[in-house]
Structure formats: C-alpha cells, structure tokens
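A quick write-up on the structure given underneath.
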Amino acid sequence: MPELPEVERAARRLRRVAVGRQIARIELLHPALQRQVSALDVASLTGCTIVAVEQQAKHQRVVLNDGRSMHVHFRMAGDWDVGISDDALPRHARAVLSLEDGGRVTLVDPRALSTLQIFAAGAIPKARLGPNPFSKQFTADWLGTALKRRRGAIKPVLLDQGVVAGVGNIYAAEALWEARISPRAIASKLSAPRRLALVGAIRIALRRGRGTRSRYNEAFEGRFRVYDRAGEACPRCGSTIRRIVQAGRSTYYCPRCQAR
DNA sequence: GGTCGCCTGGTA
DNA sequence: TACCAGGCGACC
C-alpha cells in the first residue's frame with residue numbers, strides 16, 4: 001500500500017528490526033523476483049550485516065556492510081511483514097529475509113509487482129527524482145519550473161516522480177481537492193498562487209496520510225476526502241464527487257470545488 | 001502526452 | 001465474467 005507515507009512507515013519498521021543484524025538467509029519465492037536477481041547473488045547476501053535502511057520517496061535501500069545495497073520498490077501493493085522465523089508465512093509472501101537473531105521480514109505483495117535489485121558497492125542508480133515534498137526545495141517556484149513545459153492536465157503530471165517525489169494516485173487527487181484545483185487544469189497554466197496552494201496541499205494530504213493510518217483514525221476521520229468516493233458528497237460543499245480516467249488512472253474530484 | 005504490460009486478487 | 005487496483009518503464 002505504497003505512497004510516501006506508507007513507504008516511510010514500512011521502511012521504519014524494517015529499520016527497527018534489521019539494522020545491525022546479520023542476514024541468515026534470503027529466499028525469493030516468486031518467479032518474477034527470481035528473474036530479477038540471480039540465485040548466486042541472493043546466496044551471496046547470507047552473512048552480510050545490514051548497516052542502514054535508507055528511504056527516498058517510494059524507494060528503499062538496504063545498505064550492507066560490504067558496501068552493496070539491496071533496493072526494494074513496492075510498486076502497487078508491496079509491504080513488509082515483520083515477525084519471527086517460527087511464524088507461519090503470511091499470505092502473498094514473495095521474499096523472505098531471515099535474520100541471525102531469529103527475526104524475519106517478509107515482502108508481502110498480492111500483485112507480485114514489487115521489485116528487488118542488488119547493487120554493487122558505489123553503484124548509484126536512483127531514478128531521477130524531484131524534491132521531497134517536505135523539503136525546502138519544494139516550492140511554488142520549483143513547480144513553476146517543473147510545470148513550465150507541461151501542456152497536459154495537472155493530475156497525471158503530479159504522478160511524475162521527477163516533479164515531486166512520493167506522490168501517487170491517491171494523494172495527487174487528495175492534494176488537488178485540498179487546493180481546489182481541477183485535475184484537468186493545464187499544468188503549465190497554473191498561476192503562482194495556485195502553485196503555492198498546491199505545495200501546501202500536497203503536504204497537508206501527505207501529512208494526513210501519515211497520521212490517518214490506524215484503523216481507529218480511519219474510522220474516526222474517514223479515509224480520504226475524494227479518493228474512491230465517487231457518488232458521495234464532497235465533504236466541503238456537498239456536491240457529488242466524480243470519477244474520471246486520466247492517463248489510464250482513476251481521478252476523483254469535486255466538480256464544484258474544483259471547477260476549471 | 002496516452003496505452004500496454006507486468007501480476008494477482010477482490011468485488012460487482 | 002469483467003473490471004478495478006495506492007507504480008512505473010517501455011512503447012507510440
């Protein structure tokens with residue numbers, strides 16, 4: 001369940017149990033993962049110590065004591081399950097990381113789209129990523145530059161990790177609602193005040209995602225403002241929330257608050 | 001920019 | 001059965 005807040009949480013969970021521990025064994029259970037990493041490479045990880053778990057946008061990087069690193073991307077549905085080696089494997093377990101101390105971290109992913117790669121020491125892959133949405137680099141000015149040549153609708157552009165790193169389909173819709181910007185507004189035509197509103201709105205939506213993850217909070221606050229709520233009333237104006245498709249993805253928005 | 005493929009599961 | 005799913009790289 002991975003956009004920025006979810007990946008942040010997952011990385012923290014992994015960090016807590018894995019940093020400073022030695023790898024007893026890694027097993028890849030799904031053919032798609034086995035295709036990505038050779039059996040030899042997997043075996044070579046045994047005995048390595050995990051020295052850090054870094055996370056940037058939706059990317060996670062497990063740094064080993066020999067300088068190599070294991071990169072994990074959850075794609076649509078990945079997550080970490082943390083337990084001990086005696087536990088029964090969780091449903092949809094795709095890879096298992098067993099630690100010397102008996103801990104076990106399992107990559108669970110019903111859709112099996114997650115990716116896992118091993119990089120040699122010093123290899124600096126990293127997709128081209130825009131600023132972290134909470135950093136001071138992420139400003140209305142930055143958006144001005146990033147959106148200048150984008151003549152398409154703003155919503156699909158927000159999914160471009162080079163514009164802002166970590167925003168996905170849900171929070172793009174939520175942020176646009178928050179900023180009262182139509183998902184179909186032409187990206188390059190957003191005024192400076194609207195870009196400023198969007199910067200703030202992205203932070204608000206993501207922060208809400210950070211806080212609103214527990215079942216209690218979800219029940220208390222409701223899930224999202226517009227995402228997955230087609231046909232329901234806009235929490236701000238009461239109009240009926242609509243679903244449209246942009247770039248092959250669902251977009252939810254309020255036609256009144258977010259008029260063009 | 002839009003569409004497809006990767007994979008599997010949940011739901012109408 | 002058909003459609004949908006919080007991502008993204010490859011393709012036109």
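To find a chain, count down the sequence lines: A is the first, B the second, and so on, and within it residues start at 1. Being a predicted model, the structure only gives us computed values, none of them experimental.
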A:Gln161 side chain near C:dC8 phosphate (N/O to OP1/OP2, under 4.0 Å): yes

Separation between the P atoms of B:dG5 and C:dC3, rounded to whole Å: 15 Å

Sugar-phosphate, base or nothing in reach of A:Ala32, heavy atoms under 4.0 Å: sugar-phosphate

Identity of whatever pairs with B:dC7 - Watson-Crick or G-U, under 3.5 angstrom: none

Sugar-phosphate only, base, or nothing, as touched by A:Arg149 at under 4.0 Å among non-hydrogen atoms: nothing

Pairwise P distance, C:dC8 and B:dG9 [rounded to whole Å]: 22 Å

Phosphate-side-chain proximity, A:Arg94 and B:dC6, N/O vs OP1/OP2 below 4.0 Å: no

Separation of atom CG in A:Leu116 from atom P in B:dC7, rounded to whole Å: 15 Å

Side-chain N,O (A:Arg91) to OP1/OP2 (B:dG10) below 4.0 Å: yes

Protein-nucleotide distance (A:His71, atom NE2; C:dC8, atom P), rounded to Å: 15 Å

Charged N-O contact under 4.0 Å between A:Arg243 and A:Asp228: no

Closest to side chain of A:Arg150, choosing from B:dG9, C:dA5, B:dG1: B:dG1

Interatomic distance where CG belongs to A:Leu33 and P belongs to B:dT8 [whole Å]: 11 Å

A:Arg9 with A:Asp79: basic N within carboxylate O range, under 4.0 Å: no

Atom-pair distance (CZ on A:Arg111; P on C:dC4), nearest Å: 13 Å

Which nucleotide in B:dT3, C:dG9, B:dG9 has an atom nearest any side-chain atom of A:Arg75: C:dG9

Under 4.0 angstrom between A:His30 side-chain N/O and B:dC7 OP1 or OP2: no

Closest nucleotide among C:dG7, B:dT8, B:dT3 to the A:Ala112 side chain: B:dT8

Separation of C:dG7 P from A:Arg249 CZ (nearest whole Å): 5 Å

Distance, rounded to the nearest Å, where A:Phe74 contributes CZ and C:dG7 contributes P: 13 Å

Nearest to side-chain heavy atoms of A:Lys58, which nucleotide of B:dC6, C:dC8, B:dT3: C:dC8

A:Glu178/A:Arg208 salt bridge by N-O under 4.0 Å criterion: yes

Contact under 4.0 Å: A:Ser250 side-chain N or O vs C:dC4 OP1/OP2: no

Any side-chain donor near an acceptor of the partner, A:Thr240 and A:Arg256, under 3.5 Å: no

Nucleotide C:dC8, atom P - distance to CG of A:Asn169 in whole Å: 11 Å

C:dC8 phosphate, OP1 or OP2, under 4.0 Å from A:His73 side-chain N/O: yes

salt_bridge(A:Arg210, A:Glu8) N-O dist < 4.0 Å: yes

N/O (side chain, A:Arg243) to phosphate O (OP1/OP2, C:dA5) under 4.0 Å: yes

Nearest-angstrom distance from the residue atom CZ of A:Arg184 to C1' of B:dG2: 16 Å

Residues A:Arg21, A:Asp101: salt bridge by 4.0 Å N-O rule: yes

Contact under 4.0 Å: A:Tyr252 side-chain N or O vs C:dA5 OP1/OP2: yes

